[in-house]
Amino acid sequence: LWPWLLASSGLSALVQLVTLPFFPDSPSYLLIQKGNEEACRKAIRKLWGEGDHQTEIDDIMKEKGAMASTKTLRVLEVIKERSLRWQLYILMTVMTTLQLCGINAIYFYSFEVFHTAKFEEYLIPYVSLGVGLCECLSSILCSTLIDRFGRKVLLWGGYTLMCSVLALLTMTLSLQHQFFWMHYFSIILIFLFVVFYGIGP
């Protein structure tokens, strides 16, 4: 079953490969990058149907004017620019914490935790699949929560809950040989960690 499951991702790639040549280019790309207004109008008509789309073209022209007045900075210029210093620090912090948050360790060691919990060997891949599905669903949930609470709240909340779960997981893994039910508590914590990861970072 696993080879078929892994190969199924190629199906969407094949659909895109076949259908993408029939899609029109982006109107903003045609007007801003290529400077071809007629091709832009044609793409707009293909996407939105016949009608007067001058308002959309005016918006794209305003965007083109704004881009022309904006200076493109090289990497070293971005690092040296004092006005961008805090944005750069925040970006580096977010990306670093994302890499060091522990999600890779959870995925790597989850098989061992499931095995220790006396799951049947043939069931462990399906439980691991459930962990991945949990992350997918929580990411979808995040897209609805981000408009309501904002990115900052989700980041702080996600990392706080993930730290709490990791602390509890460390404790349950240490006590798993003393209490038989600790194995199942560890599994619940793994699922919770993945949910908080999907909603937060």
Side-chain angles (χ1 to χ4, degrees), residues 4-101 103-104 107 132-162 194-201:
W4 289 104
L5 193 62
L6 290 170
S8 65
S9 60
L11 184 63
S12 61
L14 184 64
V15 169
Q16 288 182 40
L17 187 67
V18 172
T19 57
L20 276 177
F22 301 101
F23 282 91
D25 286 320
S26 164
S28 56
Y29 165 76
L30 290 169
L31 191 56
I32 295 171
Q33 302 293 330
K34 296 290 188 181
N36 191 339
E37 189 172 334
E38 186 54 42
C40 172
R41 289 181 185 276
K42 187 177 177 183
I44 287 174
R45 283 196 299 270
K46 194 170 182 181
L47 287 167
W48 297 324
E50 295 295 331
D52 184 21
H53 300 293
Q54 189 59 42
T55 308
E56 286 82 4
I57 291 171
D58 290 342
D59 287 341
I60 296 171
M61 290 300 289
K62 285 178 189 172
E63 185 183 340
K64 184 178 181 181
M67 287 177 68
S69 62
T70 305
K71 183 186 174 186
T72 304
L73 299 175
R74 294 186 175 87
V75 176
L76 284 175
E77 289 174 331
V78 170
I79 293 169
K80 291 176 184 176
E81 183 65 44
R82 287 173 96 52
S83 63
L84 300 174
R85 195 71 49 86
W86 274 109
Q87 292 92 319
L88 192 62
Y89 289 155
I90 290 167
L91 183 65
M92 287 172 64
T93 303
V94 169
M95 296 312 296
T96 304
T97 53
L98 189 62
Q99 293 302 315
L100 301 175
C101 70
I103 189 67
N104 294 325
Y107 276 120
L133 185 64
C134 210
E135 182 181 351
C136 180
L137 293 174
S138 60
S139 299
I140 294 168
L141 178 64
C142 176
S143 63
T144 60
L145 293 176
I146 197 166
D147 292 330
R148 183 175 296 178
F149 298 108
R151 187 76 179 136
K152 188 176 180 181
V153 173
L154 290 182
L155 276 173
W156 276 107
Y159 279 123
T160 303
L161 292 168
M162 285 164 63
V194 171
V195 168
F196 296 146
Y197 172 79
I199 292 173

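No hydrogens, no waters, no symmetry mates; every other heavy atom, side chains included, goes into these values. Just so you know, residue 1 is the first one in the sequence shown, and it goes up from there.
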Could you tell me which non-hydrogen atom of Phe196 sits nearest to which non-hydrogen atom of Leu161, and how far apart they are? CD1-CB, 3.6 Å
Within the 4.5 Å heavy-atom criterion, are Ser138 and Tyr197 side-chain neighbours or not? no
My understanding is that only one of Thr97, Ile103, Thr96, Asn104 makes a side-chain contact (heavy atoms from CB on, under 4.5 Å) with Leu100; could you say which? Thr96
Are Glu37 and Arg41 ion-paired here, with the side-chain N under 4.0 Å from a carboxylate O? yes
I'd like to know if the side chain of Arg151 and the backbone of Gly200 have a donor-acceptor N/O pair within less than 3.5 Å. yes
With rounding to the nearest 0.5 angstrom, report the CG to CD distance, Leu30 to Gln33. 10.0 Å
Leu31 side, atom CG; Asp59 side, atom CG - distance, nearest 0.5 Å: 11.0 Å
Show the nearest heavy-atom pair for residues Leu145 and Ile199, with the distance to one decimal. CD1-CG2, 4.0 Å
Strictly distance-based, threshold 3.5 Å: is any side-chain N or O of Arg85 a donor or acceptor partner for the main-chain N or O of Val78? no
All heavy atoms of Ala43 vs all of Pro27, minimum pair found to be CB-CG, 4.2 Å
What pair of heavy atoms forms the shortest contact from Trp48 to Glu56, and how long is it? CZ3-CG, 3.4 Å
Roughly how far, to the nearest 0.5 Å, is the CD atom of Glu77 from the CG atom of Leu84? 10.5 Å
How many angstroms lie between atom CD1 of Ile44 and atom CD of Gln54, to the nearest 0.5 angstrom? 9.0 Å
Looking at side-chain heavy atoms only, is the closest gap between Leu47 and Phe23 below 4.5 Å? no
Nearest 0.5 angstrom please: Thr19 OG1 to Leu14 CG, how far? 9.0 Å
Could you tell me which non-hydrogen atom of Tyr159 sits nearest to which non-hydrogen atom of Cys101, and how far apart they are? CE2-CB, 3.9 Å
Interatomic distance, NZ@Lys80 vs CZ@Arg74, rounded to 0.5 Å, equals 11.0 Å
Between Ser9 and Ser12 the two heavy atoms that sit nearest each other are O-OG, 3.0 Å
